[in-house]
Amino acid sequence: MLVLNRKVGESIIIDDEIEVIILEVKDGKVKLGIEADESITILRKEVYDEVREENTRSIEEDNSLDILKMMKNKRK
Amino acid sequence: MKIRTKFLGEVEIDKSEIINFPKGLPGFEKAREFIILGFVDNDYFSILQSIEEEYISFIMVNPWDFYKDYDIEIKKDSLKVLQLGKEDRDKVNVYSIITTGKTLEESTCNLLAPIIVNREDRVGRQIILNDFPYTTKHKLFVEEEDLC
């Protein structure tokens with residue numbers, strides 16, 4: 001992992017076009033500004049992880065077909 | 001071509017029906033080719049089945065069958081991946097993956113991260129709705145509901 005020290009107001013440039021600016025550091029929180037083209041997907045990692053975990057859970061259930069049968073009866 | 005599926009056994013498919021997911025799905029980033037299959041006797045559900053891996057198989061619903069007021073926005077980053085213009089609404093299918101629990105009442109639907117498919121160009125992506133109040137676990141049915 002590349003580690004860099006930055007002060008408030010300083011930034012880094014990724015791949016010539018994505019700029020990450022340190023806006024504020026307060027009470028253990030860092031506020032970042034990100035300048036990037038709208039074609040770049042930016043997500044909080046915990047949100048991505050949550051979707052990843054749910055996807056994994058959803059294919060692990062073995063009784064899916066039974067549940068679908070029950071649902072079919074219920075929706076009649 | 002014939003593929004092995006998790007829920008329907010061996011299935012004959014046409015190569016032209018394969019949907020390409022250029023980014024895979026979160027947790028399954030390497031799975032790039034999928035097909036959407038229906039159940040013969042059940043209109044509410046479809047299956048997103050990986051071509052390469054039999055065990056990667058998601059059960060999906062049309063979110064509007066269960067949540068009439070569901071609202072989504074496909075942002076520019078995803079429009080690009082999906083090869084969609086702003087006016088291409090007619091080419092788009094939207095699905096939500098469900099996670100079945102031990103009972104019907106424990107089964108949930110992932111409204112935070114719908115599957116978007118560009119039907120015409122056969123390309124798909126699971127998008128994440130950052131600015132919406134959705135979660136990965138919306139109940140499909142409420143327990144006290146009485147449909148009789």
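Protein chains get the first letters and strands the later ones, always in sequence-line order, with residue 1 at the start of each.
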Rounded to the nearest 0.5 Å, how far apart are [atom1] of [X] and [atom2] of [Y]?
{"X": "A:Glu54", "Y": "B:Leu112", "atom1": "CD", "atom2": "CG", "answer": "9.5 Å"}
{"X": "A:Asn55", "Y": "B:Leu25", "atom1": "CG", "atom2": "CG", "answer": "5.5 Å"}
{"X": "A:Arg57", "Y": "B:Ile97", "atom1": "CZ", "atom2": "CD1", "answer": "12.5 Å"}
{"X": "B:Lys76", "Y": "A:Ser39", "atom1": "NZ", "atom2": "OG", "answer": "9.0 Å"}
{"X": "B:Lys23", "Y": "A:Thr41", "atom1": "NZ", "atom2": "OG1", "answer": "6.0 Å"}
{"X": "A:Ile42", "Y": "B:Asp77", "atom1": "CD1", "atom2": "CG", "answer": "8.5 Å"}

Counting heavy atoms not belonging to [X], are there more than 12 under 6.0 Å from its [atom1]?
{"X": "B:Lys91", "atom1": "NZ", "value": "yes"}
{"X": "B:Asp43", "atom1": "CG", "value": "no"}
{"X": "B:Gln83", "atom1": "CD", "value": "yes"}
{"X": "A:Glu17", "atom1": "CD", "value": "yes"}
{"X": "A:Glu35", "atom1": "CD", "value": "no"}

Contact origin within [X] toward chain A - heavy atom pairs under 4.5 Å:
{"X": "B:Ile98", "result": "both"}
{"X": "B:Thr108", "result": "side chain"}
{"X": "B:Lys75", "result": "neither"}
{"X": "B:Glu29", "result": "side chain"}

Cluster link [X] to [Y], ILVMFWY, side chain under 4.5 Å:
{"X": "B:Leu84", "Y": "B:Ile115", "answer": "no"}
{"X": "B:Phe132", "Y": "B:Val94", "answer": "yes"}
{"X": "B:Tyr70", "Y": "B:Phe66", "answer": "yes"}
{"X": "A:Leu4", "Y": "A:Ile13", "answer": "no"}
{"X": "B:Phe34", "Y": "B:Phe28", "answer": "yes"}

Does anything in residues 48-61 of chain B get under 4.5 Å of chain A by heavy atoms, and if so which residues?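 Hits under 4.5 Å: B:Tyr55, B:Ile56, B:Ser57, B:Phe58, B:Ile59.
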Please list, in residue-number order, every residue in residues 1-22 of chain B that has a heavy atom less than 4.5 Å from any heavy atom of chain A; write 'none' if there are none.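 Expected list: B:Lys6, B:Phe7.
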Contact leader toward chain A among B:Thr136, B:Asn110, B:Thr103, B:Leu79, where contacts are heavy-atom pairs under 4.5 Å: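 Highest number of pairs under 4.5 Å: B:Thr136.
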Let me know if A:Ile40 has heavy atoms under 4.5 Å from chain B in its side chain, its backbone, both or neither.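 Only the backbone of A:Ile40 comes within 4.5 Å of chain B.
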